[in-house]
Amino acid sequence: ELQVCGTSEGADRDLATVAHHVFTRGGRPSTQPVEAAPAGDGVEREVSWDAVTAAAATGASLELHRLALAAPIAIGPVEGTRLDAEAGWTLSAAAQFLARVDPDGILGGAP
């Protein structure tokens, strides 16, 4: 799913760029059925794009959710930080810095 906003010329250009990159990397039209993926452990992890690339190179099937430039969320056999309460994951260095600088979360709090 993709949301684009801006001028109509800019949005058209951005959509054309995205479409080109999606299809050159194996994307498919929404009318083409998706093959059933093997069941994973169901645990969401915050991962790096390098971890996604490494897992995909082994042929692993991943579910990617909440995609972000820095850290997507993935389900499947990939190295990352678990998002469930049992994991006790730590804040990134930037988030730790922000928590120290803005302890009351006035600037929005740590990510």
Side-chain angles (χ1 to χ4, degrees):
E1 183 176 329
L2 176 69
Q3 181 179 3
V4 178
C5 57
T7 65
S8 62
E9 294 83 15
D12 288 344
R13 183 185 64 243
D14 291 345
L15 288 172
T17 301
V18 167
H20 169 75
H21 287 288
V22 166
F23 290 116
T24 59
R25 288 169 174 78
R28 60 169 181 74
S30 60
T31 56
Q32 182 179 344
V34 178
E35 299 81 25
D41 61 5
V43 175
E44 289 186 329
R45 292 176 178 82
E46 182 177 17
V47 300
S48 68
W49 285 110
D50 290 337
V52 169
T53 302
T58 67
S61 178
L62 303 173
E63 292 180 40
L64 297 176
H65 303 273
R66 294 188 295 265
L67 301 184
L69 293 178
I73 305 300
I75 297 175
V78 61
E79 292 295 321
T81 305
R82 292 174 61 118
L83 297 183
D84 56 3
E86 303 167 8
W89 55 294
T90 59
L91 297 175
S92 68
Q96 290 176 17
F97 174 76
L98 181 58
R100 286 192 305 272
V101 172
D102 183 28
D104 296 327
I106 294 171
L107 299 174

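Keep in mind that the numbers below use all heavy atoms, side chains included, and drop hydrogens, waters and symmetry copies.
- Residue Arg13 holds its CZ atom at 6.5 Å from OG1 of Thr7, rounded to the nearest 0.5 Å.
- Taking every heavy atom of both residues into account, Ala74 and Val78 meet most closely at CB-CG1, 3.9 Å.
- Proximity of Thr81 to Arg45: side-chain heavy atoms (C-beta onward) are nowhere separated by under 4.5 Å.
- The shortest heavy-atom contact between Ala60 and Pro77 is CB-CG, 3.6 Å.
- Here the closest non-hydrogen pair linking Glu79 and Val47 is O-CG1, 3.4 Å.
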